[in-house]
Amino acid sequence: MNMPPDLSQLSPDQLRHLAATLMAQVEEKDRALAQSQETLRHTEQVNQKLTYELALLKRHAFGKRSEQLNVLQISLLDEVVDADIAAIEAELEELATPATPPAAKQKPKRQPLPDDLPRVEIRHEPDSEHCACGCQRRRIGEEISEKLDYTPGVFTVERHIRGKWVCDACETLTQAPMPAHVIDKGIPTSGLLAQVMIAKYADHQPLYRQAQIFARAGVEIPRSTLAEWIGICGVRLQPLIDALRETLLTEPILHADETPVPMLAPGKKKTHKAYLWAYATTPYAEQKVVIYDFASGRGGQHARDFLGKWKGKLVCDDYGGYKQSFTNGVTEIGCMAHARRKFVDLHVAGKSQIAEQAIELIAQLYQVEREAQSLSVEERQRLRDTRARPIADALHRWLLAHREKVPNGSATAKALDYSLKRWAALTRYLEDGRLPIDNNRVENLIRPWALGRSNWLFAGSLRSGQRAANIMSLIQTAKLNGHEPHAYLKDVLARLPTQKASQIHELLPQNWKPVD
């Protein structure tokens, strides 16, 4: 054992040397301790980050890793191809000039409708039994055509009976015209077409399942035929979608969000990630509208193409694809729910007290919004000024104070930074009583697509994705306006063939009124 030196026996120079040595040792130990503390702090940050990420991964379900198509997926692809072909043929018919004679097509041999189905006779007769020459017409026969109708759960057959009337004096034959239908030469009524679309796009029933259901009811309808109907209806409904988008872009405030959708790569048996974009009016707007836009990717150009020259206020998350729009005149409105979600994930991962306090403060803002929900714009603005703004100011000061105490790179720092960097956008709702606090409205409206993916698995083509987006836009907008989707689509499909282009807005879900 080394004995400490007797300081009384040391000379002044020896004492100074000993003191210097001891001071050097203390400094070395301080440096070693500081380095150990820094290493420990870094280790804790990494550990916290990994714990946070692991907790997130456990909270989210993993998708299938393989993108190879199985037999069922190939079967569903057949439906998409048939629908796309029918849609293209319908578009070509619309583009054809009247002088162009129609190509001779072999008339398909249609199976007769089952005799046991109930039938409803609809008679079509001339307005008058007298001929233009003044003589009395004589009925000499009739033509009967049958169309298959569907009221949810029940098949019926419409028997359209058109009497033939002849004038013996001038030998003129008269017959009432057949009412116009979306598919004139087919068997489906607007009710059956509405049912097929509702089942496919609202109830997420692939066409092969619908064909099985119809077969159990005694009606055999090939899946390829159902796909053709879907394709033609998609083309006929396009003017409605154009008018709906035009109406939506008159709103000064919109929600926007996007979600991935698997889409088959052209020429390959693999899928890649396409995106469905959703744009909706706010809960406080007079018009209740949502439009889905299917695109091949997530680039911000897709949003700019849809919005065009629109320069309003856009409620969205922090996705970078919208950033260029904000430099072109669009005003960013942040989503408080996304800011809150960062603290919720942090709290779930590590029971963070800071996260818990942040959640409680944000909850106070949401309590004000619940009280303001039924108020007028002016009343809502006054309530926010007196109640919400002081809470938001206190929350901001609290975030800044805690950020000073939290080391960079930690999960807590990232949660705090998310709100602090976006604070101006997150609190703009306090300046306008028409603005919502978050983007939850459009997230809820995009949820039906997430539910449907497990059934229809993928979009077979860009065209099929766009068609699905169009029909879903009409269905969801009808729901927002309190309409039963089947009743709405049935009536619209019945009126659409004779509706004037200048009056197409009457058929939009927010303007639609059923015919008595």
Side-chain angles (χ1 to χ4, degrees), residues 76 79-80 82-83 86-87 147-156 158 181-183 186-217 219 221-238 240-241 244 276 278 288-292 294 444-457 459 464-497 507-510 512-515:
L76 293 176
E79 299 178 1
V80 173
D82 290 335
K147 286 187 171 290
L148 187 62
D149 193 22
Y150 186 85
T151 302
V154 179
F155 275 112
T156 56
E158 287 184 357
H181 288 79
V182 171
I183 302 179
I187 63 170
T189 64
S190 61
L192 179 55
L193 293 174
Q195 169 60 27
V196 173
M197 286 191 288
I198 293 293
K200 180 175 176 61
Y201 296 110
D203 300 331
H204 316 299
Q205 291 287 341
L207 296 182
Y208 80 91
R209 293 183 188 170
Q210 294 190 54
Q212 294 171 352
I213 294 171
F214 293 162
R216 289 198 299 268
V219 179
I221 304 179
R223 185 178 55 180
S224 60
T225 299
L226 296 176
E228 290 174 6
W229 295 351
I230 289 286
I232 295 173
C233 286
V235 174
R236 301 290 186 256
L237 291 170
Q238 186 62 49
L240 272 178
I241 297 301
L244 193 63
L276 179 87
K288 297 177 176 63
V289 177
V290 59
I291 291 186
Y292 303 104
F294 190 85
N444 292 332
L445 290 171
I446 217 168
R447 187 167 292 125
W449 286 84
L451 295 175
R453 278 192 297 247
S454 61
N455 283 315
W456 42 260
L457 304 177
S464 70
Q466 291 168 341
R467 179 171 54 247
N470 289 348
I471 297 175
M472 282 287 282
S473 298
L474 295 175
I475 292 173
Q476 292 301 325
T477 301
K479 288 182 178 180
L480 286 178
N481 287 273
H483 304 314
E484 199 283 310
H486 182 272
Y488 167 72
L489 276 182
K490 178 180 179 179
D491 184 66
V492 165
L493 289 172
R495 294 160 60 180
L496 192 58
L507 300 184
L508 295 180
Q510 67 270 31
W512 175 75
K513 294 179 181 179
V515 177

Review point. Mind checking what makes side-chain hydrogen bond (donor to acceptor under 3.5 Å, both in side chains) contact with Asn444, not counting sequence neighbours?
Key: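 Asn444 satisfies side-chain hydrogen bond (donor to acceptor under 3.5 Å, both in side chains) with Arg447 only.
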
Which value, rounded to the nearest 0.5 Å, describes the distance between [X] atom [atom1] and [Y] atom [atom2]?
{"X": "Ile446", "Y": "Tyr292", "atom1": "CD1", "atom2": "OH", "answer": "7.0 Å"}
{"X": "Leu193", "Y": "Leu489", "atom1": "CG", "atom2": "CG", "answer": "10.0 Å"}
{"X": "Arg495", "Y": "Asp491", "atom1": "CZ", "atom2": "CG", "answer": "4.5 Å"}
{"X": "Ile291", "Y": "Leu445", "atom1": "CD1", "atom2": "CG", "answer": "12.0 Å"}
{"X": "Asp203", "Y": "Gln195", "atom1": "CG", "atom2": "CD", "answer": "7.5 Å"}
{"X": "Thr189", "Y": "Ile183", "atom1": "OG1", "atom2": "CD1", "answer": "10.0 Å"}

At their closest point, which heavy atom of [X] faces which heavy atom of [Y], and how far apart are they?
{"X": "Ile221", "Y": "Ala211", "result": "O-CB, 3.7 Å"}
{"X": "Lys288", "Y": "Gln510", "result": "O-CB, 4.5 Å"}
{"X": "Pro485", "Y": "Ile198", "result": "CB-CD1, 3.4 Å"}

**Study point:** Whether His483 and Trp512 hold their rings parallel, tilted or perpendicular, with breakpoints at 30° and 60°
**Key:** perpendicular

Measure the shortest side-chain to side-chain distance between [X] and [Y] over non-hydrogen atoms and say whether it is less than 4.5 angstrom.
{"X": "Leu480", "Y": "Pro509", "answer": "no"}
{"X": "Met197", "Y": "Leu237", "answer": "yes"}
{"X": "Tyr488", "Y": "Asn481", "answer": "no"}
{"X": "Val182", "Y": "Pro497", "answer": "yes"}
{"X": "Phe155", "Y": "Leu192", "answer": "yes"}

Point to revise | For Leu474, the option from Leu507, Val492, Leu240 that meets side chain to side chain contact (heavy atoms under 4.5 Å, CB included) | key: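 Option passing the side chain to side chain contact (heavy atoms under 4.5 Å, CB included) with Leu474: Leu240.
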
Answer yes or no: is there a donor N or O on one side and an acceptor on the other, between the side chain of [X] and the main chain of [Y], under 3.5 Å?
{"X": "Thr477", "Y": "Val290", "value": "yes"}
{"X": "His181", "Y": "Ser190", "value": "no"}
{"X": "Tyr201", "Y": "Ala469", "value": "no"}
{"X": "Gln210", "Y": "Val196", "value": "yes"}

